[in-house]
Novice: 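Could you have a look at this structure, given as structure tokens, before my questions?
The sequence lines fix the lettering, A, B, ..., with proteins before strands; numbering per chain opens at 1. FYI, side chains are in, hydrogens and waters are out, and symmetry mates aren't considered; it's all heavy atoms of this structure. The shown structure was predicted, so the numbers you read here are calculated from the model rather than taken from an experiment.
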Amino acid sequence: MEYSQKVMEEFMNPQNMGKIEDADGVGKVGNPVCGDVMWIYIKVRDGKIVDVKFQTFGCVAAIATSSMVTKLVKGKTVEEALEITNRAVAEALDGLPPIKMHCSLLAEEGIKAAIEDYMKRRSET
Amino acid sequence: MEYSQKVMEEFMNPQNMGKIEDADGVGKVGNPVCGDVMWIYIKVRDGKIVDVKFQTFGCVAAIATSSMVTKLVKGKTVEEALEITNRAVAEALDGLPPIKMHCSLLAEEGIKAAIEDYMKRRSET
Amino acid sequence: MKEIYMDYNATTPVDPGVSEAMLPYLREKFHNPSSIYSGAKEVKKAIEEAREKVARLIGTKPKEVIFIGGGSEADNHAIKGVAFALRGKGNHIITSAIEHHAVLHTCQFLEKMGFEVTYLPVNRYGIVEPEVLKEAIREETILVSIMMANNEIGTMEPIKELAEVAHERGVLFHTDAVQAVGKIPVNVKELGVDMLSLSAHKFYGPKGVGGLYVRWGVKIPSLIHGGGQERGRRAGTENVAGIVGAGRAAEIAMEEMDEEERKIRPLRDKLEKELVGRIPQVIVNGHPEKRLYNTLNICVKGIEGEGMLALLDMNGISASSGSACTSGSLEPSHVLLAIGLPHEIAHGSLRFSLGKYNTEEDVDKVIEVLPWIVERLRAMSPFWKEKEDA
Amino acid sequence: MKEIYMDYNATTPVDPGVSEAMLPYLREKFHNPSSIYSGAKEVKKAIEEAREKVARLIGTKPKEVIFIGGGSEADNHAIKGVAFALRGKGNHIITSAIEHHAVLHTCQFLEKMGFEVTYLPVNRYGIVEPEVLKEAIREETILVSIMMANNEIGTMEPIKELAEVAHERGVLFHTDAVQAVGKIPVNVKELGVDMLSLSAHKFYGPKGVGGLYVRWGVKIPSLIHGGGQERGRRAGTENVAGIVGAGRAAEIAMEEMDEEERKIRPLRDKLEKELVGRIPQVIVNGHPEKRLYNTLNICVKGIEGEGMLALLDMNGISASSGSACTSGSLEPSHVLLAIGLPHEIAHGSLRFSLGKYNTEEDVDKVIEVLPWIVERLRAMSPFWKEKEDA
Ligand SMILES: Cc1ncc(COP(=O)(O)O)c(C=O)c1O
Ligand SMILES: Cc1ncc(COP(=O)(O)O)c(C=O)c1O
């Protein structure tokens with residue numbers, strides 16, 4: 001696997017790793033059968049993502065994209081976060097091998113799912 | 001081609017090479033299309049082969065067997081010469097590669113043809 | 001950082017004796033062995049000597065050994081060869097679900113060509129049971145191909161029994177012995193197989209050179225047509241240096257095999273015992289005894305293989321994984337699935353395969369490093385927390 | 001006695017730069033390029049660099065080059081690949097009567113499989129005329145395979161024109177350029193071919209490594225199925241040292257090609273002129289101009305080739321012959337028969353193929369020795385005397 005140095009650095013020193021016990025939204029994407037599962041937790045205050053964490057079962061790319069996407073959305077508004085694409089995640093990592101692009105998609109989907117969950121909970125209360 | 005040393009020696013120093021102008025019998029065997037032609041000349045006195053020569057177009061084995069067969073029959077009676085087999089020629093050369101055994105057969109046939117020619121001429125006169 | 005190489009089932013460095021033997025055949029003794037001048041005869045002789053050595057390693061006569069461009073080519077040659085030779089007789093081929101891709105993909109290609117293929121299941125240890133084979137043989141079966149030792153989990157198949165079952169029904173038997181030859185004693189006559197594949201780079205020989213044993217009397221067409229090399233059974237100017245290297249490697253394997261096993265088995269056993277002892281929730285794959293003495297394949301629950309490999313690599317340790325992520329497909333190892341592991345566990349596999357240059361320090365380093373790696377990755381895993389919570 | 005090697009069309013010694021480049025990939029850099037640890041990545045990179053070098057040598061992009069186990073395998077892969085891929089479209093293949101056996105025997109195998117093959121005749125110089133090809137193409141034609149330069153007589157075919165003729169009818173075009181690549185400039189894009197075979201050991205690279213150019217978009221199945229190496233187009237652990245050697249050889253060929261031609265052509269020309277001048281009844285085979293600059297093929301009337309070769313060998317000169325007797329068949333070279341020579345003359349052929357290590361002294365030695373050899377053998381020949389008598 002030819003990973004960029006950025007990917008390897010991110011994998012070695014992942015940020016925002018772990019769980020938020022009292023999260024406002026949780027996104028659970030991926031499938032253990034396929035070898036990639038990402039859980040994204042967000043904490044939202046005044047429409048802003050003030051905290052975000054991930055738990056990931058998956059390859060080097062899955063862990064690196066998890067870390068990167070949490071870094072990218074932290075501090076952003078929910079609307080801004082929704083605009084983050086998988087390409088943006090991959091670019092922030094100096095690219096991904098073609099067969100690993102699905103990991104960046106998972107990261108995008110993870111954030112979206114977490115925000116959706118947050119929206120849903122808010123509309124319910 | 002894995003030739004025995006004997007074959008190579010015989011090829012390098014062939015005996016009885018050439019033509020007998022006033023031969024008593026000539027045997028012409030082989031086919032230029034197949035790459036092997038042997039002409040054997042004999043001179044017979046009192047039922048004995050007193051001289052024998054060959055002309056050969058062919059490979060190393062063809063030349064070596066030509067030389068060897070002439071050495072084997074020289075001095076022999078016609079009857080003795082007729083008993084020389086291709087195996088005997090091959091053995092005298094310490095063997096031939098399997099795909100070259102036909103050369104020894106040619107040598108046997110060459111002598112036989114020369115003797116036949118001699119017999120025929122004699123019966124005609 | 002000194003590399004700790006534990007991927008000998010993937011490939012091996014050539015033995016110094018092998019490279020030494022090869023070198024002259026690149027430069028001075030470069031002649032085409034088919035030529036008739038003196039230089040060429042020497043080269044031809046070197047090939048025949050190498051053939052004798054390889055033949056000796058597998059207990060047969062040189063004329064039953066073909067040199068060929070690697071283990072995969074040997075498998076393709078044997079299987080496609082029988083398929084084409086016997087297609088008038090039948091169109092059914094039997095193999096196992098845990099074969100190397102060189103066998104599996106060849107069979108899949110033949111399926112496209114109209115052949116039927118049965119992929120025999122294996123038990124939880126990866127063993128093909130002779131009864132299962134017996135049931136699968138039909139009137140139209142023309143070939144059974146079962147590997148001798150599995151490359152991922154090391155399980156060794158009961159080849160002698162399986163070959164007997166095939167022969168009772170008059171069916172030819174091929175074995176892919178690429179992982180066995182050079183590591184353990186192999187004797188084609190005792191095994192009773194009709195064809196056997198081997199590959200030099202798995203036993204300290206060069207890459208790109210394989211051997212195929214074809215029992216005298218078995219007539220199969222060439223896979224690569226052309227000149228009359230290898231008695232017309234594998235065309236192409238011979239990879240002379242490679243073949244000479246394979247011969248030398250075979251010779252060295254004969255000499256060192258016992259000693260290697262004596263040295264490597266305890267190292268592998270220590271590695272296994274310590275990793276299982278130190279890391280919770282680890283499964284050892286393959287048969288507990290009928291397993292190559294150098295191979296340890298484990299599944300570490302809750303995490304995926306590639307991350308472990310990457311972190312091992314950063315610690316100078318080279319190992320492998322049947323993980324999907326290292327191969328670019330989403331499916332984990334077909335071998336691990338075939339022995340009944342669920343996908344999510346199969347994704348967490350690691351293979352350590354040891355060789356003659358490993359030391360006890362190497363093993364100790366892995367024992368020291370891997371538990372920490374696993375802990376680190378499990379800390380990120382949603383499944384692991386889940387488990388602890390539960 | 002120092003050997004005078006004049007059989008460079010048969011094979012070449014590796015250039016010292018090539019063996020030097022190869023060595024590290026036998027021992028230290030032995031890793032399996034498919035693995036994911038650091039050591040393996042370096043090896044992978046070395047393969048890709050070699051691919052770039054080979055691609056550059058034939059004027060194309062690396063992704064269109066497959067490494068493969070030799071020139072014969074490349075020919076088999078291309079021809080069988082197209083046959084299987086397009087068998088739904090048609091079953092007719094066109095080649096020439098003077099191809100290498102790697103092409104001819106592959107075609108004969110395909111005939112047994114139900115394909116029809118046309119073997120185009122050549123003119124007296126060994127040239128396949130584009131008009132003759134045009135006439136032969138049918139609705140069902142799926143492939144034309146014509147060699148770029150003939151190995152025996154050196155004649156160079158009008159590949160660009162022939163490929164155009166094929167393409168006008170929408171037929172794929174393959175060329176066996178094993179004797180051309182490394183000796184003369186080859187540019188697949190200018191030639192317009194769809195596939196091209198090459199072999200490293202013909203240009204100072206190692207034996208057992210070939211290359212196949214497959215134009216992007218041409219989809220043919222693998223000949224050797226298995227792992228995903230070479231983007232799934234040639235399975236099997238890569239012959240890394242061999243591939244690296246092939247790359248280095250390609251690089252050296254690019255650098256030295258012009259100089260080599262400048263050096264070798266005059267030597268070949270001198271050899272030709274002097275032999276023809278000194279030996280009565282000698283025919284030069286192949287095209288007078290459209291011929292590889294290193295190749296001289298002659299027929300010496302009245303005698304057979306093997307004897308000449310044996311006597312040359314005793315004088316330290318290594319050459320070859322299309323003579324039946326060196327190949328074990330009774331038929332002389334199919335190439336010489338195809339250019340219209342009668343059997344008995346074709347049996348008397350000799351090929352001198354020169355290379356970069358030949359000197360003028362080498363040529364002088366042959367010029368000195370061969371007339372004497374011919375005289376000696378003619379003295380024994382029934383045909384020669386016959387001629388003199390007449
Ligand atoms: C024209 C031609 N094609 C194909 C080949 C086969 O190449 P290899 O010997 O590398 O298989 C050769 C040489 O042997 C050749 O001269
Ligand atoms: C069991 C088995 N069969 C076949 C092969 C293929 O051998 P090679 O890589 O030499 O083509 C391998 C190794 O890659 C193997 O482990």
Novice: Quick one: OG on C:Ser35 to CG on D:Leu309, what's the gap to the nearest 0.5 Å?
Specialist: 9.5 Å
Novice: Tell me, for C:Met314 versus chain D, whether the close heavy atoms (under 4.5 Å) come from the side chain, the backbone, both or neither.
Specialist: neither
Novice: Given heavy-atom pairs under 4.5 angstrom as the criterion, report whether the side chain, backbone, both or neither of C:Ala40 touches chain D.
Specialist: neither
Novice: Examine whether an atom of C:Tyr204 lies under 4.5 Å from a heavy atom of chain D, and if so say whether it belongs to the side chain, the backbone or both; otherwise answer neither.
Specialist: neither
Novice: Which answer fits D:Lys112, side chain, backbone, both or neither, if we ask what part of it has an atom under 4.5 Å from a heavy atom of chain C?
Specialist: backbone
Novice: Can you confirm if the aromatic rings of C:His201 and D:Phe30 lie within a centre distance of less than 6.0 Å?
Specialist: no
Novice: Is it the backbone or the side chain of D:Leu26 that comes under 4.5 Å from a heavy atom of chain C, or both, or neither?
Specialist: both
Novice: If I take atom CG from residue C:Asp313 and atom NZ from residue D:Lys41, how far apart are they, to the nearest 0.5 angstrom?
Specialist: 6.0 Å
Novice: D:Ser145: what forms a side chain to side chain donor-acceptor pair (under 3.5 Å) with it, not counting sequence neighbours?
Specialist: D:His174
Novice: For D:Gln229, is it the side chain, the backbone, both or neither that has a heavy atom under 4.5 Å from a heavy atom of chain C?
Specialist: neither
Novice: Does any heavy atom of chain C fall under 4.5 Å from the side chain of D:Ser199, the backbone, both, or neither of them?
Specialist: neither
Novice: Do any of residues 13-21 of chain D have a heavy atom less than 4.5 Å from a heavy atom of chain C, and if so, which, in residue order?
Specialist: D:Pro13, D:Val14, D:Asp15, D:Pro16, D:Ser19
Novice: Using non-hydrogen atoms and a 4.5 Å limit, figure out which bit of D:Ala241 sits close to chain C: side chain, backbone, both or neither.
Specialist: neither
Novice: For C:Glu28, which residues count as a salt bridge (charged side-chain N to carboxylate O under 4.0 Å, His left out) partner, sequence neighbours excluded?
Specialist: none
Novice: To the nearest 0.5 Å, how far apart are NZ in D:Lys80 and NZ in C:Lys80?
Specialist: 9.0 Å
Novice: Drop me the distance from D:Ile224's CD1 to C:Leu223's CG, to the nearest 0.5 angstrom.
Specialist: 5.5 Å
Novice: Mind checking which of residues 67-77 of chain C sit less than 4.5 Å from chain D, heavy atom to heavy atom?
Specialist: C:Gly69, C:Ser72, C:Glu73, C:Asn76
Novice: Atom CE of C:Met22 and atom CE of D:Met22: how far apart are they, to the nearest 0.5 Å?
Specialist: 6.0 Å
Novice: To the nearest 0.5 angstrom, please state how far the CG atom of C:Asn32 sits from the CG atom of D:Asn9.
Specialist: 11.0 Å
